Asks: 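First the structure, then my questions, so here it is.
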Amino acid sequence: MSQQSIIIATADVREERGIEETTTGLDLFGDDRTVVAMRVDGETRDLHRAVSAGEEIEPVSISSAEGLTILRHSAAHVAAQAVQHLHSDAKLGIGPPIVDGFYYDFDVPEPFTPADLSAIEKQMLRIVKERQRFRRRPVSDDEARQELSGEPYKLELIADKGTATADDGASTEVGAGQLTIYDNLRRDDSVAWKDLCRGPHVPHTGYIPAFALTRVSSAYWRGDQANQQLQRVYGTAWPSREELKAHQVRLEEAAKRDHRKLGRELDLFSFPDEIGSGLSMFHPKGGILRKVMEDYSRQRHLEAGYEFVYTPHITKGELFDISGHLGFYADAMFPPMHVDEERHPDGTLKRQGVDYYIKPMNCPMHCLIFRSRGRSYRELPLRMFEFGGVYRYEKSGVVHGLTRVRGMTQDDAHIYCTAEQMQGELISLLQFVLDLLSDYGLDDFYLELSTRDPDKSIGSDESWEQATDALREAAAVSGLDLVLDPGGAAFYAPKISVQARDAIGHRWQMSTIQVDMMLPDRFD
RNA sequence: GCUGGCGUGGCGCAAUUGGUAGCGCAGCUGUCUUGUAAACAGCAGGUUAGGGGUUCGAGUCCCCUCGCCAGCUCCA
């Protein structure tokens, strides 16, 4: 049967196929394991569910994006079942599909070891071979609470089901409407395991032809640092052994292109322990590469109408009090260098004590250049550019090669313009940024629009709205995909960021464009 | 920062139940001149991240610090 076919279960079709008035998706699509679910009037459902006359039904192929998601989510269930079989005291968190795979979180007394992981894998294989059926069973909230009384995290999801969001993964478990429980049934229809879940799933565990557990780590319950840390088991699942193998080969190939490895092997840069984490040294070969890139960037900025400025690496804290950064980012700045106060012999003050900071960003300094004298509207737009060396005390666990560091050089520019000029500047700036990135060989990226976090921001609603609209418009003109990042903005401005992926699959924020309507006020 | 794993010559790795730290590549010195996966011979290179402890004896066991890796949280 063609997987693209749409079956309309009218009387004619039923007659033609010799199927009953009410039947199931499995009856329609058979059990050859290439169709994992069905879309009924646009809603994806388990193949076990009944279909009836007049419904438009479409098969979901195991190889389609949605089919893979269902496959991987089903594999997560099997992982959880295997874990609870081997560790009866493990409490269930959530188990959603992710890119190329899935994970499932557990609260266990002892963290999993690699040996545990392979034992879990073996148990999963047994479950897959048993072809346990996934049975969907709608339940009331009370029934769900009753049946899952031993699962505190599931109970929490049930209690919060109205507020579940995709962000914390809870929506894949409970959703907004009626709760459903999925039972894994053995051949004799006895219940081997059950879980609270929205579904859908593959019809039975035999539909998971190729999977592997990849790593174990920890993660905060519902993504909140204040919560309990759970053990997260990661896995990957594919429609065939060949595809699983190909995926593993891709990962090996990617590892060879890890920039940290290349940087060492090609003698480009290093991070000596004596200097400190996240502080890079560019060797001669890395230095010449860097110079070529910098020279090119300078040339392009010159051509695009930027003026070059230079600002110091350290400043009195007063600057960041004015800008507001100390209030929001003091924890992520290197601690201040304190200069003691000094007094004359008669006790009068000779010099006041003061704190100097290494700058974590250049914005306030450029603002000071702007206001160093009176400005005329005739000067606008005024575009200032600098290779600004900045330092941020990034948390120890996040430092990564050259992509997340504690000391870096930003190619940083600030454009001062009138409200009327803003839209035009944004559009040409975004184009400029994208052109430059593509000249450096980066072409696989998308845009993200980070909007206001009401709990972590300053300024009026009106100015935020105006800035956000202008960015949205500029993004639309670029024609690139735009992903929303609600609440992700810095305290003073919304931003568009260019997101790119590195060789080993990590996503990194590249250039950002922010419309800042706060700093101009703060710097008068 | 959190959880887990790890830390042996520049790089990649070995070292049986705690019992003299080895190998390959790179480097250096010769020989060879041979067409792009790496010729031959020889030499040198390590207070096993650092500190403390247990022990007759610690690369191996315990504690602390530093650093690295994976994931989480964060990312002006």
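Note that the structure is predicted; figures quoted are calculated from it, not measured. Throughout, a chain's letter reflects where its sequence line sits, starting with A, and its residues are numbered from 1.
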Asks: Going by the side-chain contact (heavy atoms from CB on, under 4.5 Å) test, name the single residue among A:Leu426, A:Ile496, A:Asp469 that passes it with A:Val515.
Replies: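 With A:Val515 as partner, A:Leu426, A:Ile496, A:Asp469 yield a single side-chain contact (heavy atoms from CB on, under 4.5 Å), made by A:Leu426.
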Asks: Quick one: CG on A:Leu447 to CE on A:Met510, what's the gap to the nearest 0.5 Å?
Replies: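 Taking CG in A:Leu447 and CE in A:Met510, the distance rounds to 12.5 Å.
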Asks: Need one value for A:Phe328: base, sugar-phosphate or nothing, where a base atom within 4.0 Å counts as base even if backbone is also close, heavy atoms only.
Replies: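 Nothing: the residue A:Phe328, judged by heavy atoms under 4.0 Å, touches no strand.
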Asks: Are any protein N/O atoms closer than 3.5 Å to N/O atoms in nucleotides 69-71 of chain B? If there are, list each pair with its distance.
Replies:
unit_1, atom_1, unit_2, atom_2, d
B:C69, OP1, A:Arg260, NH1, 3.1
B:A70, OP1, A:Arg260, NH1, 3.4
B:A70, OP1, A:Arg260, NH2, 2.9
B:A70, OP2, A:Arg260, NH1, 3.3
B:A70, O2', A:Arg215, NE, 3.0
B:G71, OP1, A:His506, NE2, 3.3
B:G71, OP2, A:His506, NE2, 3.4
B:G71, O3', A:Tyr234, OH, 3.0
B:G71, O2', A:Ser217, OG, 3.4
B:G71, O2', A:Tyr234, OH, 3.0
B:G71, N2, A:Ser218, OG, 3.0
B:G71, N3, A:Ser217, OG, 3.2

Asks: Please name all residues satisfying side-chain hydrogen bond (donor to acceptor under 3.5 Å, both in side chains) with A:Glu243, sequence neighbours left out, ordered by chain then number.
Replies: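 side-chain hydrogen bond (donor to acceptor under 3.5 Å, both in side chains) check on A:Glu243 returns A:Ser240.
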Asks: On a whole-Å scale, what distance lies between the C1' atoms belonging to B:U20 and B:A58?
Replies: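 Approximately 14 Å lies between the C1' atom of B:U20 and that of B:A58.
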Asks: Touch check for A:Gln231, heavy atoms < 4.0 angstrom, all strands: base, sugar-phosphate only, or nothing?
Replies: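 Contact class for A:Gln231: sugar-phosphate only.
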Asks: Go through the side-chain N and O atoms of A:Tyr446 and A:Gln499 and say whether any donor and acceptor fall under 3.5 Å apart.
Replies: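 Not at all, the side chains of A:Tyr446 and A:Gln499 share no donor-acceptor pair under 3.5 Å.
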Asks: Round to a whole Å and report the spacing from CD of A:Gln228 to P of B:G4.
Replies: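 That distance rounds to 12 Å.
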Asks: Give the rounded distance in Å between these two atoms: CD of A:Gln514 and P of B:C75.
Replies: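 In whole Å, B:C75 P lies 13 Å from A:Gln514 CD.
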Asks: Mapping A:Pro360 and A:Thr113 to their closest nucleotides on RNA chain B, which lands nearer the 5' end?
Replies: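 Nearest nucleotide further toward 5': that of A:Thr113.
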Asks: Once Watson-Crick and G-U wobble pairs under 3.5 Å are found, how is RNA chain B written in dot-bracket notation, 5' to 3', with | for any base paired to another strand?
Replies: (((((((..((((.....[..)))).(((((.......))))).....(((((..]....))))))))))))....
Asks: Please enumerate all residues that pass side chain to side chain contact (heavy atoms under 4.5 Å, CB included) together with A:Asn227, with sequence neighbours excluded.
Replies: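 Testing A:Asn227 for side chain to side chain contact (heavy atoms under 4.5 Å, CB included), a comparison that skips the adjacent residues, returns A:Trp221, A:Arg222, A:Asp224.
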Asks: Classify A:Ala332 by what it touches in the nucleic acid, base, sugar-phosphate, or nothing, heavy-atom distance under 4.0 Å.
Replies: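 Since a base atom lies under 4.0 Å of A:Ala332, the category is base.
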Asks: Write down the distance separating the C1' atoms in B:U47 and B:C40, rounded off to the nearest Å.
Replies: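 35 Å, rounded to whole Å.
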Asks: Checking A:Glu465 side chain against A:Glu462 main chain: does a donor-acceptor pair fall under 3.5 Å?
Replies: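 Checking the backbone N and O of A:Glu462 against the side chain of A:Glu465, no donor-acceptor pair under 3.5 Å is found.
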Asks: Distance between the P atoms of B:U73 and B:U3, in whole angstroms?
Replies: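 Approximately 16 Å lies between the P atom of B:U73 and that of B:U3.
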Asks: With the threshold set at under 4.0 Å for non-hydrogen atoms, list the residues of residues 405-416 of chain A touching RNA chain B in residue-number order.
Replies: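 Of all residues in residues 405-416 of chain A, none places a heavy atom under 4.0 Å from RNA chain B.
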Asks: Looking at B:C11, does its base get a donor-acceptor pair with the side chain of A:Arg264 below 3.5 Å?
Replies: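 Flag unset: no donor-acceptor pair detected.
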Asks: What is the distance, rounded to the nearest whole Å, between atom NZ of A:Lys261 and atom P of B:G10?
Replies: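 A:Lys261 atom NZ is separated from B:G10 atom P by 18 Å.
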Asks: Can a side chain N or O of A:Lys456 be found less than 4.0 Å away from OP1 or OP2 on B:A76?
Replies: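 Answer no for this pair, as no side-chain N or O of A:Lys456 is under 4.0 Å from OP1 or OP2.
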Asks: Has A:Tyr356 got a side-chain atom pairing as donor or acceptor with A:Gly317's backbone, closer than 3.5 angstrom?
Replies: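 No, A:Tyr356 side chain to A:Gly317 backbone: no donor-acceptor pair under 3.5 Å.
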Asks: Could you measure the distance from the CZ atom of A:Phe320 to the NZ atom of A:Lys359? Nearest 0.5 Å is fine.
Replies: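 Nearest 0.5 Å value for the CZ-NZ distance: 8.0 Å.
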Asks: Near RNA chain B, counting only heavy atoms under 4.0 Å, which residues of residues 458-470 of chain A show up?
Replies: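 Listed by number, there are none.
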Asks: When the side chains of residues 88-95 of chain A are checked against the rest of the protein, which donor-acceptor pairs come out under 3.5 Å, sequence neighbours left out?
Replies:
unit_1, atom_1, unit_2, atom_2, d
A:Lys91, NZ, A:Gly150, O, 3.1

Asks: Could you state the CZ-P distance from A:Arg507 to B:C75, rounded to the nearest angstrom?
Replies: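 Result: 13 Å.
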Asks: Can you tell me how far P of B:C75 sits from CD of A:Glu448, to the nearest Å?
Replies: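 Going from A:Glu448 (CD) to B:C75 (P), I get 12 Å.
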Asks: Could you give the distance separating B:G10 and B:G46 at their P atoms, to the nearest angstrom?
Replies: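 Roughly 8 Å separates the two P atoms.
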Asks: Can I get a per-line list of side-chain donor-acceptor pairs under 3.5 Å for residues 74-81 of chain A, giving both atom names and the distance, sequence neighbours left out?
Replies:
unit_1, atom_1, unit_2, atom_2, d
A:Ser74, OG, A:Ile70, O, 2.7
A:Ser74, OG, A:Val202, N, 3.1
A:His77, NE2, A:His73, NE2, 3.3
A:His77, NE2, A:His201, NE2, 2.9
A:Gln81, OE1, A:Asn184, ND2, 2.7
A:Gln81, NE2, A:Gln132, OE1, 2.9

Asks: Does the distance from a Lys or Arg side-chain N to an Asp or Glu carboxylate O, for A:Lys245 and A:Glu242, drop under 4.0 Å?
Replies: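 A salt bridge is absent here (no side-chain N lies under 4.0 Å from a carboxylate O).
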Asks: Residues of residues 273-282 of chain A with any non-hydrogen atom less than 4.0 angstrom from an atom of RNA chain B: list those, numerically ordered, please.
Replies: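 Within residues 273-282 of chain A, the residues near RNA chain B are A:Asp273, A:Ser277.
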Asks: Who are the side chain to side chain contact (heavy atoms under 4.5 Å, CB included) partners of A:Leu429, not counting sequence neighbours?
Replies: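 A:Tyr306, A:Ile415, A:Phe432, A:Val433, A:Ile513.
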Asks: Using the test side chain to side chain contact (heavy atoms under 4.5 Å, CB included), find all partners of A:Asp273 that sit at least two apart in sequence or belong to another chain.
Replies: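 Here no residue qualifies.
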Asks: Verify, without hydrogens or angle tests, whether A:Thr69 (side chain) and A:Ala65 (backbone) share a donor-acceptor contact under 3.5 angstrom.
Replies: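 Pair found, side chain donor or acceptor close to backbone of A:Ala65.
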Asks: Figure out the CZ/P separation between A:Phe334 and B:A76, and round it to whole Å.
Replies: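 To the nearest whole Å, that distance equals 17 Å.
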Asks: Just checking A:Lys495: base, sugar-phosphate only, or nothing, at a heavy-atom cut-off of under 4.0 Å?
Replies: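 Counting heavy atoms under 4.0 Å across all strands, the contact made by A:Lys495 is with sugar-phosphate only.
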Asks: If I pick the C1' atom on B:U60 and the same atom on B:U55, what distance separates them, to the nearest angstrom?
Replies: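 B:U55 and B:U60 have their C1' atoms separated by 13 Å.
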Asks: We want to know whether A:Glu151 and A:Gln84 form a side-chain donor-acceptor pair, criterion being a heavy-atom distance below 3.5 angstrom.
Replies: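 Present: a donor and an acceptor within the cut-off.
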Asks: Between B:C43 and B:G4, how far apart are the C1' atoms? Round to whole Å, please.
Replies: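 After rounding to an integer number of Å, I get 44 Å for this pair.
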Asks: Rounding to an integer number of angstrom, what distance separates B:U48 and B:G59 when you compare their C1' atoms?
Replies: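 Per the computed distance, 5 Å lies between those C1' atoms.
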Asks: How many angstroms lie between NE2 in A:His414 and CZ in A:Arg383, if you round to the nearest 0.5 Å?
Replies: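 Between atom NE2 of A:His414 and atom CZ of A:Arg383 there are 14.5 Å.
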Asks: Rounding to an integer number of Å, can you tell me how far A:Tyr104 OH sits from B:C72 P?
Replies: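 About 18 Å, once rounded to whole Å.
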Asks: Once you round it to whole Å, what is the distance between P of B:C74 and CD of A:Gln225?
Replies: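 So the CD-P distance, A:Gln225 to B:C74, works out to 7 Å.
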Asks: Residues in side chain to side chain contact (heavy atoms under 4.5 Å, CB included) with A:Arg232, at least two apart?
Replies: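 Partners of A:Arg232 under the side chain to side chain contact (heavy atoms under 4.5 Å, CB included) test: A:Tyr103, A:Asp105, A:Ala219, A:Tyr234.
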Asks: Can you check the distance between B:A76 and B:C62, where both ends of the measurement are the C1' atom (answer in whole Å)?
Replies: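 It comes out at 43 Å once rounded to the nearest Å.
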Asks: Is it the case that the side chains of A:Ser218 and A:Gln231 hold a donor-acceptor pair, with the cut-off being a distance below 3.5 Å and no angle test?
Replies: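 Side chains of A:Gln231 and A:Ser218: no pair found under 3.5 Å.
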